[in-house]
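For clarity, every value in this text was computed on a predicted model and none was experimentally measured.
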Amino acid sequence: MSVVCANSCGWLLDSCSLLDEGLQRCVSHSDGLDKPKYFKCCFKREYFNTVRPHVQIQQNTDILTSTAKHSSGEHAKIDLQTRKIRLVVLEGSRALLEAGRQCGYLTEVLTAPPSESMPSHECRLAALCDMAKQLPLTDESLMAPVQMLNRDGLDPSLDLFSYITENPFDCTYEVTLMKEKYLLPPRSRFLLSDITRMHPLVNSGDKFDLIVLDPPWENKSVKRSNRYSSLPSSQLKQLPVPALAAPECLVVTWVTNRAKHLRFIKEELYPYWAVEVLAEWLWVKVTQTGEFVFPLDSPHKKPYEVLVLGRHRSGTDRAVRSSAAEELPEQRLLISVPSVLHSQKPSLSAVLKPYISPEPKCLELFARSLQRDWTSWGNEVIKFQHSSYFTRERAEEPSMTSETVIIQ
């Protein structure tokens with residue numbers, strides 16, 4: 001179950017279960033076999049084996065009176081906001097974490113020792129995107145920008161950089177792309193490109209009810225580590241969000257804890273896109289035993305990240321309100337054990353469902369993985385779909401139905 005428990009403060013999530021959705025029935029036509037192989041997959045649990053805080057947490061009972069003692073001006077405002085967030089996290093997480101312990105999800109008993117090192121797939125997707133953007137877009141990709149996966153998933157003519165690639169089937173397909181094996185969830189679609197080659201997404205004509213963004217924000221640690229290419233905040237305005245948004249589209253942006261990034265979203269980016277800011281939620285990261293992964297009082301890294309939520313209000317639909325969607329709460333907590341893989345966020349599909357229309361079209365920008373029934377875009381969009389991140393076991397061949405006839 002992806003949502004372990006919920007209350008008026010938020011949700012405790014099982015990130016692995018969220019990743020496993022749609023992977024109970026997988027099919028592969030690889031290795032040149034005429035008959036497909038059926039199996040089921042799970043994302044490897046060791047990537048979520050966070051068993052102790054990264055920094056030893058020390059109790060500090062006078063944090064509320066000490067942090068802003070010598071601050072003034074803008075720093076005082078930041079300190080005040082930090083103290084408010086600290087209270088929200090402490091009070092809101094207490095009942096959810098206790099419920100997680102009571103049901104056995106968060107436990108002191110470790111089922112497996114933490115792995116000292118885990119193999120990681122060398123992702124070359126971003127470099128390939130850089131090379132591909134030197135090629136002109138074809139007339140076909142401009143007129144008919146979606147290409148369907150064929151039944152064996154091995155079509156050598158697939159152009160991943162100029163077309164949206166879609167798995168139209170109701171099961172996960174293992175496909176060979178660029179000599180590597182990837183798992184494509186049921187009815188998932190993706191475009192592998194950078195910000196200069198988003199034309200197929202716009203030309204598809206799709207309007208989305210939910211758009212989630214996880215931008216590669218600039219910061220010093222990213223520059224030092226060279227883990228991925230960051231994007232200046234000003235370039236985010238180039239994203240065609242207004243062209244992709246349906247009336248009353250819910251727009252959700254992940255943001256780091258730097259105050260200037262949060263201000264940019266609320267004061268520049270969302271107004272530029274005609275998105276009305278409605279809420280700020282927090283993703284709180286805990287260990288398998290329910291401790292914060294960093295001290296709440298840490299002056300550097302915090303055990304939470306911010307999500308800014310708003311609705312697209314164009315001139316023509318500003319007065320329209322969706323009667324099917326619930327009113328968006330201003331504040332909620334999402335609590336989960338984080339992945340050790342860099343920048344792998346929990347799926348928001350389960351928690352956002354009440355706040356969007358039934359049978360919505362959903363889009364993730366700057367994605368590094370795919371979701372069932374979603375469209376995803378990014379220059380590493382299938383990174384965490386690589387087969388090396390999953391365990392597998394054999395599954396029985398499904399009974400003959402109209403669906404399996406289509407697959408076979």
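Summarising the geometry of Gly290 relative to Leu97, their closest heavy-atom pair is O-CD1, 3.5 Å, with the distance given to 0.1 Å. Smallest separation of non-hydrogen atoms from Tyr38 and Glu397: CE1-CG, 3.6 Å. Residues Trp273 and Leu239 come closest through the heavy atom pair NE1-O, 3.5 Å. Between Leu12 and Gly100 the shortest heavy-atom distance is CD2-CA, 3.5 Å. Listed here is the closest heavy atom pair of Ser193 and Trp377: OG-NE1, 2.8 Å. Nearest heavy atom pair, residue Thr287 against residue Val293, reads N-CG1, 4.0 Å.
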- Under the side chain to side chain contact (heavy atoms under 4.5 Å, CB included) criterion, do Glu326 and Tyr355 qualify, and how do the steps go? CA-CA 5 Å; Glu326 296 181 15; Tyr355 311 111; 3.9 Å; yes
- Message: Between Val88 and Tyr304, does the side chain to side chain contact (heavy atoms under 4.5 Å, CB included) criterion hold? Intermediate values first, please.
- Response: CA-CA 11 Å; Val88 169; Tyr304 54 80; over 6 Å; no
- Task: Take Val340 and Thr50, measure what side chain to side chain contact (heavy atoms under 4.5 Å, CB included) needs, and give me the verdict at the end.
- Result: CA-CA 8 Å; Val340 299; Thr50 303; 4.1 Å; yes
- Apply the test side chain to side chain contact (heavy atoms under 4.5 Å, CB included) to residues Val284 and Leu96: give CA-CA distance (whole Å), side-chain angles for both, the deciding distance (0.1 Å), then the verdict. CA-CA 11 Å; Val284 181; Leu96 287 167; over 6 Å; no
- Task: Check the pair Arg368, Asp214 against salt bridge (Lys or Arg N to Asp or Glu O under 4.0 Å), reporting the backbone distance first and the verdict last.
- Result: CA-CA 9 Å; Arg368 295 177 181 86; Asp214 184 14; 3.6 Å; yes
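A donor-acceptor pair under 3.5 Å links the side-chain atoms of Gln385 to the main chain of Leu370, judged by distance alone. No donor-acceptor distance shorter than 3.5 angstrom exists from the side chain of His261 to the backbone of Ser233, with no hydrogens or angles considered. Using modelled atom types, no side-chain atom of Lys285 and backbone atom of Glu305 make a donor-acceptor pair closer than 3.5 Å. Judged by distance alone, the side chain of Thr172 and the main-chain N or O of Gly22 form a donor-acceptor pair under 3.5 Å. At least one donor-acceptor pair under 3.5 Å links the side chain of Arg332 to the backbone N or O of Ser8. Put simply, the side chain of Asn167 gets close to the backbone of Pro185: a donor and an acceptor are under 3.5 Å apart. Although no hydrogens or angles enter the test, the distance criterion places a donor-acceptor pair under 3.5 Å between the side chain of Trp281 and the main chain of Pro329.
Rounded to the nearest 0.5 angstrom, Glu91 CD and Arg86 CZ are separated by 10.0 Å. Between atom CG of residue Leu236 and atom CD1 of residue Ile195 there is a gap of 6.5 Å, rounded to the nearest 0.5 Å. Atoms CZ and CG, from Phe161 and Leu191 in turn, are 10.0 Å apart once rounded to the nearest 0.5 Å. A distance of 7.5 Å separates OG1 of Thr289 from CG of Leu106, quoted to the nearest 0.5 Å. Expressed to the nearest 0.5 Å, how far CD of Glu364 lies from OG of Ser369 amounts to 6.0 Å. Within the model, atoms CD of Gln344 and CG of Leu19 stand 5.5 Å from one another, a figure rounded to the nearest 0.5 Å.
Looking at heavy atoms from C-beta onward, Leu278 lies in side-chain contact with Glu276 at the 4.5 angstrom threshold. Contact annotation: the side chain of Val27 never approaches that of Phe169 to less than 4.5 Å [non-hydrogen atoms, C-beta and beyond]. Residues Leu192 and Met178 are in side-chain contact: their nearest non-hydrogen atoms beyond the backbone lie under 4.5 Å apart. Here the side chains of Cys362 and Asp373 are not in contact, with every heavy-atom distance at 4.5 Å or above. The side-chain heavy atoms of Val255 and Leu307, taken from C-beta on, include no pair separated by under 4.5 Å. Two residues are said to be in side-chain contact when any heavy atoms from C-beta on lie closer than 4.5 Å; Lys361 and Phe208 meet this criterion. Side-chain atoms of Pro242 and His312, non-hydrogen and from C-beta on, do get closer than 4.5 Å to each other. Between Phe292 and Val89, the closest side-chain pair of non-hydrogen atoms falls below 4.5 Å.
More than 12 heavy atoms of other residues, nucleotides or ligands shown are found within 6.0 angstrom of NZ on Lys237. A 6.0 Å sphere centred on CD of Glu98 holds more than 12 heavy atoms belonging to other residues, nucleotides or ligands.
Phe384 pairs with exactly one of Tyr47, Tyr389, Phe190, Phe390 by the ring-ring contact (aromatic ring centres under 6.0 Å, His included) rule, that one being Tyr389. Of the candidates Ser347, Pro186, Ser349, Ser188, Pro186 is the only one forming a side-chain contact (heavy atoms from CB on, under 4.5 Å) with Arg372.
Using a 4.0 Å cut-off between a side-chain N of Lys or Arg and a carboxylate O of Asp or Glu, Lys40 and Asp20 do not qualify as a salt bridge. Salt bridge absent: Arg187 and Glu166 never bring a charged side-chain N and a carboxylate O closer than 4.0 Å.
Trp254 carries Lys345 over the face of its six-membered ring, with the cationic atom under 6.0 Å from the centre and within 45° of the normal.
Applying the side-chain contact (heavy atoms from CB on, under 4.5 Å) test to Lys260 and every residue at least two apart in sequence or in another chain returns Arg258, Arg263. Remark: Cys16 pairs with Asp14, Arg45, Phe48 by the side-chain contact (heavy atoms from CB on, under 4.5 Å) rule, at least two apart or across chains. In this structure, the side-chain contact (heavy atoms from CB on, under 4.5 Å) partners of Thr253, at least two apart in sequence or on a different chain, are Leu213, Pro215, Trp217, Val251, Ile265, Tyr270.
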